[in-house]
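Each chain gets a letter, A, B and so on, in the order its sequence line appears, and its residues count up from 1.
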Number of protein chains: 2
Amino acid sequence: MSGQRSIIEAEKLVEAKLGGVPIHHERMAVVANIYRAATAVRQHLENAVLRGGGLTWTGFVVLWVMWIWGESESRHVAEEAGISKGTLTGVIRTLESRGLVKRTRHPADGRLLLLSLTGEGEQFMRQVFPDFNAEETFVTSRLDDDACRALAGGLRQVVLQVEEHGEARRLALLDGAGPVPRRSGRRRRPTGEAG
Amino acid sequence: MSGQRSIIEAEKLVEAKLGGVPIHHERMAVVANIYRAATAVRQHLENAVLRGGGLTWTGFVVLWVMWIWGESESRHVAEEAGISKGTLTGVIRTLESRGLVKRTRHPADGRLLLLSLTGEGEQFMRQVFPDFNAEETFVTSRLDDDACRALAGGLRQVVLQVEEHGEARRLALLDGAGPVPRRSGRRRRPTGEAG
DNA sequence: CAAAAATCGTTTGAACCCAAACTATACTTC
DNA sequence: GAAGTATAGTTTGGGTTCAAACGATTTTTG
């Protein structure tokens, strides 16, 4: 990736492209760099640590959540891992086939699904997490501890803003014009009524 | 997402899980928050701005790169957008079918593919980018301009570290033990030689 | 100038991704 | 307690994602 230089140049080009329209460049740079950093970090960790263990990033995150929180209801794992419940179904299927995860029915509420690590899953995390953290340390090694805390704090502000006010904002933006349906997604099963 | 609280609690639980093994918590928090913020920001922008235009995040980024840089060789667009060349092929197919992008053969080098926006694509970006930037401003609205610059700067350090030293690091980690093949991916076409 | 090496974009396969539709179970209300 | 409502996990469909394999083309080498 030549990538970084270009963000600064790009800002000038955007200015030229939009002339009068005022653009908030620092805000643009924050969002662009968040995404760039996320991609770079994920790719490094996948290739340096996870691939050897036959895991993807998402698989590892889900495993990590279960490792830290112990046996949990499926919906909490999805929320904590930051993926949709539909995605979790597939990820759990994969992890289960690798023997790292157990699925149990909730004894009291038949709708709920309990997830937990197998012994193999526990052992895997005890082995892999220190390596994972070593690479987290590598990717942040240009920053000292204070800079890391400041960086994490700034990012936390972004997350909190979206979590606390994002939904209201989206509703306000779309206003009357109801939510645009997704282009993809399941189709309603055709009823018997023909035109 | 209840998400944020848990990161602090999680650190304590990790401590307990790993006992003696020293974990760098600030580094863990940085990586976790980068990814959380990237997911939150992407989701907000997709739902607030892009879905109305029938675009995904990646589609928008690719469009943005072509808008800013003008007609470009395919490989440069992929690099600049931060996606693999294989992914770009599919994204371009989608954008082309929406009439936003043109594909041209390079006149001198038959291997190269030139990409550029159509008039419709140009118009789309002029309309949508201000809305996009308004949401970038929304998600960062808890930070003042200086904090934004500091945040972008910190993230840039992470990206640079991975870009400049990541590959060497990965090679050093795997050392003699050659690269682990991916679980997925194309299979070698079977040759006629049978066992 | 033909064989070999390099480079580009495309195809492939497994996995991931979301949201809407759907099924199953639980709770509410009359 | 049957009908209606709510909630949880699964399926579906269009799409994205990567890396390796691959075909087409260009450059390099002998």
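Annotation: the span from B/L155 atom CG to B/L160 atom CG amounts to 11.0 Å, rounded to 0.5 Å.
Looking at heavy-atom distances under 4.0 Å, A/T94 makes contact with sugar-phosphate atoms alone, never a base. As judged by a 4.0 angstrom heavy-atom cut-off over every strand, B/A108 is placed among residues touching the sugar-phosphate backbone only. Using a 4.0 Å heavy-atom cutoff across all strands shown, A/A81 reaches no nucleic acid atom at all.
For A/E96 and C/dA15, the CD to P distance is 14 Å, given to the nearest whole Å. At whole-Å resolution of the value, CG in A/L95 and P in C/dA15 are 11 Å apart. Remark: C1' of D/dG15 and CG of B/L55 are 12 Å apart, rounded to the nearest angstrom. Between B/H106 atom NE2 and C/dT7 atom C1' the separation is 14 Å, expressed in whole Å. Atom P of nucleotide C/dC17 and atom CD1 of A/I92 are separated by 12 Å, given to the nearest angstrom. In this structure, CD of A/E46 is placed 11 Å from C1' of C/dA15, rounded to the nearest angstrom. What separates CD1 of B/I83 from C1' of C/dG9 is a distance of 13 Å, to the nearest Å.
One finds no side-chain N or O of B/N47 lying less than 4.0 angstrom from the OP1 or OP2 phosphate oxygen of C/dC18. A/S84 has no side-chain polar atom (N or O) that falls below the 4.0 Å cut-off from OP1 or OP2 of C/dC17. Distances shorter than 4.0 Å separate some side-chain N or O of A/R51 from OP1 or OP2 on D/dA20.
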Worksheet item: Tell me, for nucleotides 6-11 of chain D in 5' to 3' order, what letter each nucleotide earns: B for a base near a protein heavy atom under 4.0 Å, S for only sugar-phosphate near one, - for neither?
Response: -BSBBB

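Ring centers of A/W64 and A/F132: at least 6.0 Å apart, outside the cut-off.
Helix-axis bend for the helix from C/dC1-D/dG30 to C/dC30-D/dG1: the local axis fitted to the five terminal pairs at one end deviates from that at the other end by 10°, rounded to 10°.
In this structure, the side chain of B/H106 engages the main chain of B/D109 through a donor-acceptor pair within 3.5 Å.
Between B/E122 and B/R126 there is a salt bridge, since at least one side-chain N of the basic residue sits less than 4.0 Å from a carboxylate O of the acidic one. In this structure, B/E164 pairs ionically with A/R142, as a charged nitrogen and a carboxylate oxygen lie closer than 4.0 Å. Salt bridge status for B/E79 with B/R75: absent, with no side-chain N to carboxylate O gap under 4.0 Å.
With contacts defined as side-chain heavy-atom distances shorter than 4.5 Å, the pair A/L151/B/L151 qualifies.
A donor-acceptor contact under 3.5 angstrom links the side chains of A/S84 and A/T87, judged on distance only. Inspection of the B/E135 and B/H44 side chains reveals an N or O donor paired with an N or O acceptor under 3.5 Å. Using modelled atom types, one finds a donor on one side chain and an acceptor on the other under 3.5 Å when comparing B/S141 with A/Q161.
Residue A/T56 is the one, among A/R105 and A/T56, whose nearest nucleotide of DNA chain C lies closer to the 5' end (criterion: closest heavy atom).
Taking every side-chain heavy atom of B/Q43 into account, C/dC18 is the closest of C/dC16, C/dC18, D/dT17.
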